[in-house]
Amino acid sequence: MNIVLKVFLSMSFSGSLLILVLLLGERFLKDKISQQWQYYIWLIVILRLLFPFGPETSLLGKIYQTVDQAITQTSLPQKHSTSNIPEDVLVPTVVLEQNNENKNSLTEDLTTVHPLQDIKILLTNHIWLIWFVVMLGLLIRKITIYQGFIRYIRAGLIPVSDIEILDRLSIIAKQTSIRNPIELCVNPLVSSPLLIGFFHPCIVLPSTDIPKKDFQYIILHELIHYKRWDIFYKWLVQITVCLHWFNPLVYLMSQEITKICEFSCDEAVLTKIGGSNAQDYGKTLLDAMAAVGRYKENFGVITLNENKQILKERLGAIMNFKKRSTKIRILTGILTLCIMSGAAFVGVYPAAAAGNHITDKPQETVDKTTQEKTSSSRYARMTEKYYEDGSLPLFQMAFCNMNEEEQSEWLNRIFADRNLVFFGAAVNLLDEDCVQIQHLAETIYKENDIVYFSNLAMHMGEDSLKVWLYRALEDGKWSFQSVLFHMLDRDDEFDELEKKQEKEWEEAQIAEYGAVGVTINGKDYYYQGQLVNIFLDIRSNKSFYTLNMNPNGTINIKIVRNEKNEMIGVAYMTEAEVIELFGDDKEDSDDETDVEIIPVNFKNITAEETIFLGEYILADGDKIRYDIFAETGNGIEVFFAKDEQKDIFYWFVHNLRQPDKPLKIIADFIVEPPTKPGIYKLFLRATDGTLGNVKGSISIASADES
């Protein structure tokens with residue numbers, strides 16, 4: 001169970017003991033001790049219920065440790081008598097020394113995930129959620145009811161404007177040493193005088209037609225409530241009740257405080273006006289009881305009257321009022337010290353010792369290690385089950401309880417499965433720059449998977465990001481540099497580096513092509529002074545294609561490269577090579593003047609291979625159509641991109657093969673705002689396995705001709 005919850009429960013238990021002591025003590029000392037002392041002594045109990053104070057060594061602290069040890073020992077596996085093991089008790093196979101038949105049967109039990117046990121473990125680990133939801137619901141309900149009552153009362157308020165009555169209020173407030181302004185109003189629907197308002201107090205009367213002496217007693221009573229901050233006291237009690245909603249003794253405490261609040265206020269009033277006026281004050285209470293209105297008061301306000309039984313007790317206390325002797329005052333002082341000492345002595349659950357009590361004996365350490373291994377094994381099986389079922393929330397709960405080694409194994413498995421949803425959910429549960437993230441980042445970096453690496457980068461610290469950026473710069477991995485610069489909030493540096501590298505690459509490209517007689521002028525390629533119709537440059541490893549077409553060209557050429565991707569010459573393309581590359585659509589495309597058709601005809605596109613299909617000028621209103629099929633393979637992408645925005649794709653389509661259906665992309669787009677006209681590069685990519693026999697076309701119809 002959560003340590004915080006254990007401490008909280010121990011606070012509730014300790015507070016319950018004090019509640020019982022005070023309730024029992026009241027039966028013997030009720031008429032002998034000051035009512036005000038009986039009222040304020042409950043604050044010690046409330047503090048005990050709300051704050052985990054106490055000495056390092058306490059009576060109940062020892063009891064809590066003993067009980068915790070007993071529970072732990074009971075849950076640990078035993079080395080004897082395995083014949084009557086219940087089905088829901090998990091026993092490590094290392095302690096079994098029975099015959100092979102018993103071993104096999106118990107081993108089978110261990111490899112089976114029991115749903116009821118899983119639910120029990122999840123509820124135990126998250127029982128605080130139940131407590132929190134109920135507590136929050138009760139608190140919201142109390143606040144809502146109080147606000148509704150206040151709105152009702154204020155809606156019918158009529159401020160008192162009689163100068164004489166207000167002067168009498170002012171005189172009584174001055175006698176009570178209250179300097180803040182007190183508002184006086186009338187509402188005929190209230191059943192008795194009451195006090196509302198935390199910071200702007202308002203005394204509400206059923207009527208101002210009250211005898212002068214009764215008015216004095218009523219106002220004095222309510223002002224004493226205000227001076228003692230009784231409204232705050234009442235709400236502190238209500239908050240305590242909401243926090244300890246499961247403890248029935250807390251409700252008894254609340255009832256007792258509500259009752260004794262009025263008794264103590266009566267006592268304070270009589271101390272002010274003198275015991276000789278007790279009979280008149282009691283008559284005021286009786287008159288207030290007779291004036292019953294239409295609305296029942298709320299727990300958050302201070303009223304004058306109560307029910308008949310409590311009123312009878314109050315009248316008895318009023319008539320028996322007398323000042324306490326010095327001996328009684330000394331006695332109450334001693335009782336206060338005793339209760340304060342008792343509250344501290346009772347103590348709470350010793351959280352600091354929670355992790356140490358099992359390490360007292362070597363054998364217990366061994367048992368604890370065995371239990372941890374067993375528990376880890378159980379969570380590993382739970383994680384397997386929830387992963388296969390696709391239950392993400394339960395998977396996260398089980399994943400949290402595994403050790404670092406098991407978590408690393410699971411992260412590698414999820415990455416191998418390319419399950420991005422579970423991967424992101426699992427990584428979000430890890431600490432920044434933890435061992436699991438660093439090990440996994442190494443694997444993903446080597447496999448050049450920028451999507452999963454960027455997910456990990458969000459959980460790295462600044463120092464780690466700088467190390468990876470330096471490595472990406474050394475290795476020349478452009479996409480990794482982009483992500484890492486962005487994570488470090490250094491996008492401007494990346495933009496400058498990108499422009500510089502693009503310029504260097506273009507200069508190197510022009511120089512490399514120029515060495516074999518090919519010159520470039522904008523989008524046009526020339527060879528030996530002739531404009532090129534089809535220009536094809538295929539790397540030897542087929543990692544990247546450059547394909548450019550110009551209908552005004554007169555020759556078709558291709559770049560010849562060796563196995564090291566070094567350019568060794570230029571060759572003219574034969575008609576057979578053109579047909580093999582584009583199919584019969586090429587001839588048709590030459591006749592089109594209003595529609596530019598880019599044929600697609602590839603025997604194979606290897607996994608993760610990206611093919612560059614050329615640069616094209618796109619204007620507002622141009623129509624783009626993709627019509628591409630692949631005989632084999634599982635995923636294909638087609639998109640446009642701009643040089644200065646390599647990670648931003650336009651008119652992007654990514655399709656996956658559906659069961660028993662061909663892999664195809666058929667889509668139509670129109671170039672329109674917010675996309676800006678300009679020069680765009682066209683790409684085709686295999687995303688999931690090698691694509692075979694890829695055919696089709698991409699057409700661009702100009703706006704003025706379409």
Side-chain angles (χ1 to χ4, degrees), residues 506 509-510 513-514 516-538 544-560 570-603 605 610-629 638-643 650-651 653 665-672 675-684 694-706:
E506 289 176 359
Q509 184 99 334
I510 292 173
Y513 285 144
V516 294
V518 177
T519 58
I520 303 175
N521 182 12
K523 290 180 56 179
D524 298 330
Y525 288 75
Y526 293 87
Y527 181 62
Q528 295 182 351
Q530 293 181 289
L531 182 62
V532 177
N533 176 25
I534 299 175
F535 176 83
L536 179 65
D537 183 5
I538 304 176
F544 200 79
Y545 284 36
T546 299
L547 176 64
N548 186 75
M549 293 185 297
N550 188 333
N552 298 321
T554 57
I555 60 174
N556 303 324
I557 64 172
K558 64 179 181 180
I559 300 297
V560 181
V570 179
Y572 289 100
M573 296 181 66
T574 64
E575 190 67 25
E577 288 178 324
V578 173
I579 294 174
E580 181 182 2
L581 181 62
F582 297 106
D584 296 333
D585 294 333
K586 179 67 178 68
E587 295 179 1
D588 297 335
S589 67
D590 292 338
D591 298 331
E592 296 287 347
T593 58
D594 58 340
V595 179
E596 186 172 6
I597 298 178
I598 303 97
V600 176
N601 190 350
F602 302 100
K603 287 185 178 180
I605 303 177
T610 300
I611 298 177
F612 174 55
L613 298 178
E615 291 183 328
Y616 302 92
I617 299 176
L618 299 177
D620 284 340
D622 287 356
K623 294 182 179 179
I624 301 171
R625 178 174 175 81
Y626 300 148
D627 195 351
I628 305 171
F629 297 82
V638 60
F639 57 90
F640 286 85
K642 302 200 78 169
D643 282 341
Y650 298 87
W651 306 289
V653 179
I665 290 179
I666 299 178
D668 294 281
F669 300 94
I670 297 179
V671 179
E672 56 187 357
T675 306
K676 298 180 180 179
I679 300 175
Y680 291 84
K681 291 184 176 181
L682 179 61
F683 296 91
L684 184 68
V694 183
K695 294 185 177 182
S697 64
I698 299 168
S699 63
I700 303 173
S702 59
D704 55 347
E705 299 291 343
S706 59

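With rounding to the nearest 0.5 angstrom, the OH atom of Tyr626 is 10.0 Å from the OG atom of Ser699. The structure places CG of Leu613 at 8.5 Å from CZ of Phe683, a figure rounded to the nearest 0.5 Å. How far CD1 of Ile624 is from CG of Leu682: 8.5 Å, rounded to the nearest 0.5 Å. Atom-to-atom distance recorded for Gln528:CD and Thr519:OG1 is 10.5 Å, nearest 0.5 angstrom. Distance check, rounded to the nearest 0.5 Å: CD of Gln530 to OG1 of Thr554 gives 4.5 Å.
A search for side chain to side chain contact (heavy atoms under 4.5 Å, CB included) contacts involving Asn548 returns Tyr525, Phe535, not counting sequence neighbours. With sequence neighbours excluded, no residue forms a ring-ring contact (aromatic ring centres under 6.0 Å, His included) with Tyr526.
Scanning both residues, Tyr572 and Glu577, for their nearest heavy atoms gives O-OE1, 4.1 Å. Nearest heavy atom pair, residue Val653 against residue Ala667, reads CG2-CB, 4.1 Å. Residues Ile557 and Val518 come closest through the heavy atom pair CD1-CG2, 4.1 Å. When every heavy atom of Asp620 is checked against every heavy atom of Pro677, the shortest pair comes out as OD1-CG, 3.5 Å. Here the closest heavy-atom approach between residue Ile597 and residue Met549 is recorded as O-CE, 4.2 Å. Looking at every heavy atom in both residues, Asn556 comes nearest to Ile534 through OD1-N, 3.2 Å.
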Q.
For Tyr513 and Ile559: C-alpha separation, side-chain torsions, deciding distance, then whether side-chain contact (heavy atoms from CB on, under 4.5 Å) applies.
A. CA-CA 9 Å; Tyr513 285 144; Ile559 300 297; 3.9 Å; yes
Q | side-chain contact (heavy atoms from CB on, under 4.5 Å) assessment of Ile700 paired with Ile617 | A | CA-CA 10 Å; Ile700 303 173; Ile617 299 176; over 6 Å; no
Q.
Under the criterion side-chain contact (heavy atoms from CB on, under 4.5 Å), I'd like the reasoning laid out for Trp651 against Val671: C-alpha separation, chi angles, the key distance, then a yes or no.
A. CA-CA 9 Å; Trp651 306 289; Val671 179; 3.8 Å; yes
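Looking only at side-chain heavy atoms (C-beta outward), Ile666 and Arg625 come within less than 4.5 Å of each other. Counting heavy atoms from C-beta on, the side chains of Phe629 and Val600 never come closer than 4.5 Å. A heavy-atom distance below 4.5 Å is not found between the side chains of Val532 and Asn550. Contact of the Leu618 side chain with the Thr675 side chain is not registered, since no non-hydrogen atoms from C-beta on lie closer than 4.5 Å.
The distance between the ring centers of Tyr680 and Tyr616 does not fall below 6.0 angstrom.
Relative to the ring axis of Tyr650, Lys642 does not place its NZ or CZ within 45° and under 6.0 Å from the centre.
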